[in-house]
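First comes the structure, then the notes that go with it.
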Amino acid sequence: MSTLRFHYDFAPGEILHTPDAAKRIEMLKAVGVRTIWLDCYTYGTWLASWQEIADAKVLLEQHGFEVQALTVPVGHGSGALLGDGQDPELPKSWQNRVNAHGQPVALAACINQEQMIKESREVAKTLQELGFTKLFYDDDLRVGPWGPSLQGCFCPRCMQSFYQKYPQYSGMSGAEILATATEGDALWQAWSDVQCDHVLRFIEQTVPDGMTPGIMVMHNGDQRHGVDIARIKSRFPNALFRVGEGHFEDASFESEVAERAIRTSIQRHLCAIGSVQNAMSESTVYPENALRPENLVRKLELEIRCGLRELFLMSGLFYLDKAYWQAIAKARPALEALAQSLPSPDLNQTPDSFVWHL
């Protein structure tokens with residue numbers, strides 16, 4: 001099977017304004033990182049000037065890296081950028097996502113809001129003009145937090161779009177929808193269908209022609225969170241997907257059901273994507289240093305055994321400590337050998353049901 005390809009992301013300042021930039025580049029090469037995703041725009045705010053983004057791109061390309069763009073376009077309702085209580089606020093002009101009880105969700109914008117879509121489109125166009133050909137939308141490009149329940153934005157605009165497409169449910173409140181719908185029934189399907197419409201519409205209206213979009217699919221993420229992999233792939237055949245695995249810290253990763261939970265999520269997402277080349281891992285350490293280096297290596301091994309070959313290292317805006325790079329560099333020959341020894345995964349199998357565990 002194909003060899004491994006490592007990805008990593010960080011903000012431009014992590015390479016432009018860091019005294020040990022040369023050592024960082026050396027470590028990235030030692031691990032085998034081939035693609036750098038520059039964190040350019042999060043929560044409605046540029047993380048660097050356009051000139052700094054361009055300079056970081058040129059510098060990294062001179063060292064042989066592919067360099068692409070990553071944004072967190074609508075915020076993150078779980079406060080997972082820097083940690084709960086530390087994340088930046090959304091722009092005043094943006095409307096927050098609204099939960100089923102009519103309360104605004106902090107740090108997450110309504111994905112159906114025209115002002116936010118307009119600004120995101122302008123950001124994407126600027127990034128294309130800076131020379132990026134791929135744009136990865138990381139969390140929270142979905143309509144709700146992790147879990148088995150239906151999610152969505154229940155603001156008046158989003159509710160009206162639901163009633164227009166499914167008039168038989170006109171007048172039902174968000175709370176009534178969640179209380180009434182049973183997974184897989186007509187109401188459940190109708191509500192999730194409209195939420196998936198909103199996510200796809202966002203990608204369609206913001207990603208310029210000629211750019212390849214990517215989207216993060218959280219652990220066990222699917223239509224209940226507004227993310228329909230098949231629908232996105234149908235509209236964007238070359239779209240990239242970061243498959244959700246969760247288990248970013250030692251306690252959850254070392255649980256007796258963690259491996260099964262991670263396997264089922266990867267399996268379901270990978271089968272829906274239908275391509276190993278378009279699927280990336282969720283090799284995340286969060287909060288900072290919460291997953292020991294040896295456990296991160298174990299997670300990489302599990303991802304490889306599940307069929308993934310595009311390994312995406314990520315840790316919010318925290319740059320991974322030296323111990324992680326040393327552990328991965330040491331394990332790299334064994335990881336490469338494992339990847340080469342395994343057959344291609346069966347992407348036509350019937351996936352197991354999700355194991356709802358973190």
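Note that these values count all heavy atoms, side chains included, but never hydrogens, waters or copies made by symmetry.
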Would a single hydrophobic cluster contain both F248 and V355, if residues Ile, Leu, Val, Met, Phe, Trp and Tyr are joined by side-chain heavy-atom contacts under 4.5 Å? no

Would Y324 and L313 count as a side-chain contact (heavy atoms from CB on, under 4.5 Å) if you check the C-alpha gap in whole Å, the side-chain angles of each, and the deciding distance to 0.1 Å? CA-CA 10 Å; Y324 291 96; L313 306 166; over 6 Å; no

Might you point out which heavy atoms bring A30 and A329 nearest each other, and give the distance in Å? O-CB, 4.2 Å

Out of the candidates T133, T35, T212, only one should pair with Q68 under the side-chain hydrogen bond (donor to acceptor under 3.5 Å, both in side chains) rule; please name it. T133

Minimal non-hydrogen separation, M116 against A109, with atom names: CG-CB, 4.4 Å

Would you check if there is a donor-acceptor pair between the side chains of E336 and Q340 at a distance under 3.5 Å? no

Treating Ile, Leu, Val, Met, Phe, Trp and Tyr as nodes and any side-chain heavy-atom pair under 4.5 angstrom as an edge, say whether L141 and V98 lie in one connected cluster. no

Considering only heavy atoms from C-beta outward, does the side chain of T126 approach that of Y41 to under 4.5 Å? no

Within this structure, what is the CG-CD distance for the pair L291 and E249, rounded to the nearest 0.5 Å? 8.0 Å

side-chain contact (heavy atoms from CB on, under 4.5 Å) between Q349 and Q267, intermediate numbers included: CA-CA 9 Å; Q349 61 186 305; Q267 178 192 41; 2.6 Å; yes

Output, in order, the C-alpha distance, side-chain angles, deciding distance and verdict of side-chain contact (heavy atoms from CB on, under 4.5 Å) for C153 and V143. CA-CA 6 Å; C153 181; V143 294; 5.6 Å; no

Sequence neighbours left out, what pairs pass salt bridge (Lys or Arg N to Asp or Glu O under 4.0 Å) with at least one residue falling in residues 94-103? R97-D140

Do you know the tightest heavy-atom contact between F202 and I117? CD1-CG1, 3.9 Å

Determine whether more than 12 heavy atoms belonging to other residues, nucleotides or ligands lie under 6.0 Å from atom NZ of K29. yes

Under 4.5 Å between any side-chain heavy atoms of W325 and V33, yes or no? yes

Below 3.5 Å, can you tabulate the donor-acceptor pairs from side chains in residues 296-307 to any protein atom, sequence neighbours excluded?
unit_1 : atom_1 : unit_2 : atom_2 : d
R298   : NH1    : N295   : OD1    : 2.9
K299   : NZ     : E245   : OE1    : 2.8
K299   : NZ     : G246   : O      : 3.3
K299   : NZ     : E282   : O      : 3.0
E303   : OE1    : S283   : OG     : 2.8
E303   : OE2    : S283   : OG     : 3.0

Could you state the interatomic distance from CD (Q151) to CZ (R142), rounded to the nearest 0.5 Å? 9.0 Å

Can Y8 be reached from L16 by stepping across I, L, V, M, F, W or Y side chains whose heavy atoms are under 4.5 Å apart? yes

Which pairs with one or both residues in residues 346-358 pass salt bridge (Lys or Arg N to Asp or Glu O under 4.0 Å), sequence neighbours excluded? none

Over 60° means perpendicular and under 30° means parallel, so classify the ring planes of H247 and H219, tilted if in between. perpendicular

D250 (side chain) donor-acceptor with R292 (main chain) under 3.5 angstrom: yes

When the ring planes of F312 and W37 are compared, do they come out parallel, tilted or perpendicular, using 30° and 60° as the limits? parallel

So which atom in S275 and which in L270 form the shortest heavy-atom distance, rounded to 0.1 Å? O-CD1, 4.0 Å

Output, in order, the C-alpha distance, side-chain angles, deciding distance and verdict of side-chain contact (heavy atoms from CB on, under 4.5 Å) for F10 and L28. CA-CA 12 Å; F10 49 79; L28 292 170; 4.1 Å; yes

Closer than 4.0 angstrom, basic N to acidic O: yes or no for K118 and E114? no

Verdict with supporting geometry, E129 and W50, side chain to side chain donor-acceptor pair (under 3.5 Å): CA-CA 10 Å; E129 292 170 353; W50 298 351; over 6 Å; no

Checking S120 against Y137: is there a side-chain donor and acceptor pair closer than 3.5 Å? no

Could you tell me if the side chain of Q115 sits less than 4.5 Å from the side chain of P91, heavy atoms only? no

So which pairs with a foot in residues 227-244 pass salt bridge (Lys or Arg N to Asp or Glu O under 4.0 Å), sequence neighbours left out? D138-R242, D193-R231, D197-R231, E204-R235, D228-R231

How about R201: does its CZ atom have over 12 heavy atoms from other parts shown lying under 6.0 Å from it? yes

Any link between I262 and V257 through a network of hydrophobic side chains (Ile, Leu, Val, Met, Phe, Trp, Tyr) touching at under 4.5 Å? no

Where H269 and G244 come nearest, the two heavy atoms and their spacing: ND1-N, 3.4 Å

Is it true that V227 and V105 fall in one hydrophobic cluster, defined by side-chain heavy atoms closer than 4.5 Å? no

Between K322 and E26 (salt bridge meaning N to carboxylate O under 4.0 Å), is one present in this structure? no

Side chain to side chain contact (heavy atoms under 4.5 Å, CB included) filter on A175, not counting sequence neighbours, yields H101, S173

Joining Ile, Leu, Val, Met, Phe, Trp and Tyr whenever any side-chain heavy atoms lie under 4.5 Å apart, the cluster holding Y169 also takes in L150, F154, M159, F162, Y163, Y166, M172, I177, L178, L187, W188, W191, V194

